[in-house]
Amino acid sequence: MMEQKSRRKGIVIMGQLIHLVKPLLPLMCLAIFLGVVGYLCAIFLTILAGYGLLQLGKGISLGVRFAAVLIFLAVLRGILHYGEQYCNHFIAFKLLAIIRHQVFAALRRLCPAKLEGKEKGNLISILTSDIELLEVFYAHTISPIAIAILTSLVMVLFLWHCDPAAGILSLAGYLTVGVLIPLWNGRKGAQEGMEFRTSFGELNSFVLDSLRGLDETIQYGEGNKRLGQMEERSKKLGALQKKLNRHEAAQGSLTNMTILIFSFGMLFVMLAAFRGGRVTFDQMLISVIAMMGSFGPVVALANLSNNLNQTLASGERVLSVLEETPQVEEITGKETTGFEGATVEHVDFSYEEEQILNDYSISLPKGKIVGICGASGSGKSTLLKLLMRFWDPDRGHVLVSEKDVREINTANLRNMESYVTQETYLFHDTIAGNIAVGKPGASREEIVEAAKKASIHDFIMTLPNGYDTRVGELGDSLSGGEKQRIGIARAFLHDAPCLLLDEPTSNLDALNEGMILKSLRQTCREKTVVLVSHRKSTMNLADVVYEMENGRVS
């Protein structure tokens, strides 16, 4: 989907994701504090209960106060855990909103040059499931790591106070369960995690493509072939999921076995210390109980590695979008330019290895209608996109008002030009809302006037809700010609001094084409119009006509 750099290390991805927490650092510190105190409450609840049993064995009555302390610790543990989870999830959802905003801003910068022809399903996967999966990182990864480190440090000091050997053994146990096993599991499943997220995105693209082409699939009997391809992709995804599940099961078994080994190790170490007279019987049992009951934070840390591979793979994909360099940098800070005509001088342009324009030059005088006629693939649409500065030429200059478009503020340039593409995209909104895209905040009177100029007003008034009628998903409730006229209405509403029309009447019959062209002639007397079409009849409107062939004017 995106141009992939070499995959960065997991620790680097985590560092870059943690950097995004900076605005919410005080809340993160509070979550960590609550988590540490909460785990210590749970651990010392077990230790105190064990101590109480020891005292009962000696015939000493604990009394109400001791029971009250245990109940207090149990309740406090629940409250602290709730507070920690509340803080973590607040941080997570706040950051997800920030990341979504940053990703959409990045896509806006990248459009359309970097995204032309890219897999839209993969983009959808990044915008939805990948970003959602980062909730696991922010809510269940950052603070658990800090909590595990701090809680383990407290317990190491506690056990060291009982006996230095107990402190050293506990440190080895915590490092093994919380660091070595997750690192081992992470390295083992990192590749599968990235493959799974990539395959998931590819499956999204395939499903989206299949849905959009459903009519053609049915018409040409390709249903079984598409189903077979979908089944093959689903099986590949399932196989990767099974690999990840095996890693998870192996890691869980290894973690449990390691905890048992170190718990028994603590028992043997403390037995030796008791026999050697270094600790009392109570200290021996308390140390063993403390060791067995203190693995909770590092077990939570170990369990992170089960989903961390996919989370980091999602983080890698999101960060790649954020770091992607736009082919066309947005220009700001220049003086405002008025439209006084445009010129294309000796321009070369290629899509990767395919040469589209070759030493192309054309003049677009102010107030004239310039027709460009040529076969499909001759470079007509590319010329309009260069005038809009969706791309920059490989060689030569695109000038507006005798200024290179690379020296004109991008917003200023787009305000001077209205661009009607071959395929008009309609949002899942009302017809009025779709026309108003050309001028946000436009009044209903302005919208109606633009629709009249585009010869779509009469049709709209026949609909049950008129301009408030909602179009279907992707505009499927309207015909190609109706969508095209809504696109033209947008351009009229935008009211720019330069109008770029790419096959504006390709989906219209002769009657509607004539009405649109007549409206263009009446409305655009003082505007510069670049009219691209393969229809000879459309060219009758133009003041001057250029034939384009193989990227050159003939």
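Taking 4.5 Å as the limit, some side-chain heavy atom of R77 sits within range of a side-chain heavy atom of Y39. Side-chain contact between W160 and I168 is present, with at least one heavy-atom pair separated by less than 4.5 Å. Between F93 and Y138, every side-chain heavy-atom pair lies at or beyond the 4.5 Å cut-off. You'll find the side chain of T410 reaches within 4.5 Å of the side chain of R389, heavy atoms only. Within the 4.5 Å cutoff, no side-chain heavy atoms of V154 are placed close to those of L150. Between I32 and M28, some side-chain heavy-atom pair lies under the 4.5 Å cut-off.
Using a 4.0 Å cut-off between charged side-chain N and carboxylate O, R109 and E330 make no salt bridge. A salt bridge is absent between E329 and R406: the closest approach of a Lys/Arg side-chain nitrogen to an acidic carboxylate oxygen does not fall below 4.0 angstrom. Ion pair R444/D468 flagged as a salt bridge, since at least one NZ, NE, NH1 or NH2 atom sits closer than 4.0 Å to an Asp/Glu carboxylate oxygen. Checked for salt-bridge contact, E231 and K235 meet the test: a charged N lies under 4.0 Å from a carboxylate O.
At distances below 3.5 Å, not a single donor-acceptor pair connects side-chain atoms of S287 with backbone N or O atoms of L159. In this structure, the side chain of H89 engages the main chain of Q85 through a donor-acceptor pair within 3.5 Å. In this structure, the side chain of N412 does not engage the main chain of I408 through any donor-acceptor pair within 3.5 Å. Not a single donor-acceptor pair under 3.5 Å links the side chain of H494 to the backbone N or O of K439. Under a 3.5 Å cut-off, the side chain of D130 and the backbone N or O of V318 do not form any donor-acceptor pair. A donor-acceptor pair under 3.5 Å links the side-chain atoms of S170 to the main chain of G167, judged by distance alone.
With a 6.0 Å radius and a threshold of 12 heavy atoms from other residues, nucleotides or ligands, M14 has its CE atom above the threshold. Under a cut-off of 6.0 angstrom, the local environment of CD in E423 is sparse, with at most 12 non-hydrogen atoms contributed by other residues, nucleotides or ligands. More than 12 heavy atoms of other shown residues, nucleotides or ligands fall within 6.0 angstrom of atom CD in Q102.
A side-chain donor from one of E323 and Q16 sits under 3.5 Å from a side-chain acceptor of the other. Judged purely by distance below 3.5 Å, without hydrogens or angles, the side chains of S143 and N88 pair a donor atom with an acceptor atom. Between the side chains of Y174 and S294, at least one donor N or O sits under 3.5 Å from an acceptor N or O. Between the side chains of R490 and N434, a donor-acceptor pair is found at a separation under 3.5 Å.
Scanning all heavy atoms of the two residues, the minimum distance from M155 to I47 falls at CE-CD1, 4.2 Å. Among all heavy-atom pairs drawn from A432 and I447, the shortest one is O-CD1, 3.8 Å. Here the closest non-hydrogen pair linking D394 and S350 is OD2-N, 2.8 Å. Taking each heavy atom of H428 and V471 in turn, the nearest pair found is ND1-O, 3.2 Å. The nearest pair of heavy atoms linking C87 to L27 is SG-CD1, 4.0 Å. Closest approach of L34 and G83 over heavy atoms only: CD1-C, 3.6 Å.
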Margin query: Go through it in stages, so that I can follow the logic: the residues are L254 and M257, the test is side-chain contact (heavy atoms from CB on, under 4.5 Å), and I'd like the CA-CA distance, side-chain angles, deciding distance and then a yes or no.
Written below: CA-CA 5 Å; L254 182 59; M257 183 178 68; 3.7 Å; yes
Next item on the list: Might you work through the side-chain contact (heavy atoms from CB on, under 4.5 Å) test for T176 and V298, ending with a clear yes or no?
Entry: CA-CA 9 Å; T176 302; V298 288; over 6 Å; no
Notebook entry, point to check: Would E84 and I147 count as a side-chain contact (heavy atoms from CB on, under 4.5 Å) if you check the C-alpha gap in whole Å, the side-chain angles of each, and the deciding distance to 0.1 Å?
Noted result: CA-CA 10 Å; E84 177 215 342; I147 290 167; 3.4 Å; yes
Next item on the list: Please test K236 against R233 for side-chain contact (heavy atoms from CB on, under 4.5 Å), starting from the C-alpha separation and ending with a verdict.
Entry: CA-CA 5 Å; K236 178 184 176 182; R233 291 169 184 266; 5.6 Å; no
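Between R414 atom CZ and N409 atom CG the span is 11.5 Å, to the nearest 0.5 Å. Between F72 atom CZ and L45 atom CG the span is 11.5 Å, to the nearest 0.5 Å. For the atom pair NZ of K334 and OG1 of T332, the computed distance is 9.0 Å after rounding to the nearest 0.5 Å. Separating the CG atom in L322 from the CD atom in E324 is a distance of 10.5 Å, to the nearest 0.5 Å. Atom CG of L76 sits about 4.0 Å away from atom SG of C41, to the nearest 0.5 Å. Expressed to the nearest 0.5 Å, how far CD1 of I13 lies from OG of S320 amounts to 8.0 Å.
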Donor-acceptor contacts under 3.5 Å from residues 260-280 side chains, at least two apart:
residue : atom : partner : partner atom : Å
S263    : OG   : I259    : O            : 2.8
R278    : NE   : D163    : OD1          : 3.2
T280    : OG1  : Q283    : N            : 3.1

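Geometrically, R226 engages F206 in a cation-pi contact defined by less than 6.0 Å to the ring centre and at most 45° from the axis.
Ring orientation note: the planes of F427 and Y425 are nearly perpendicular, at an angle over 60° on the 30°/60° scale.
The ring of F158 has its center closer than 6.0 angstrom to the ring center of F44.
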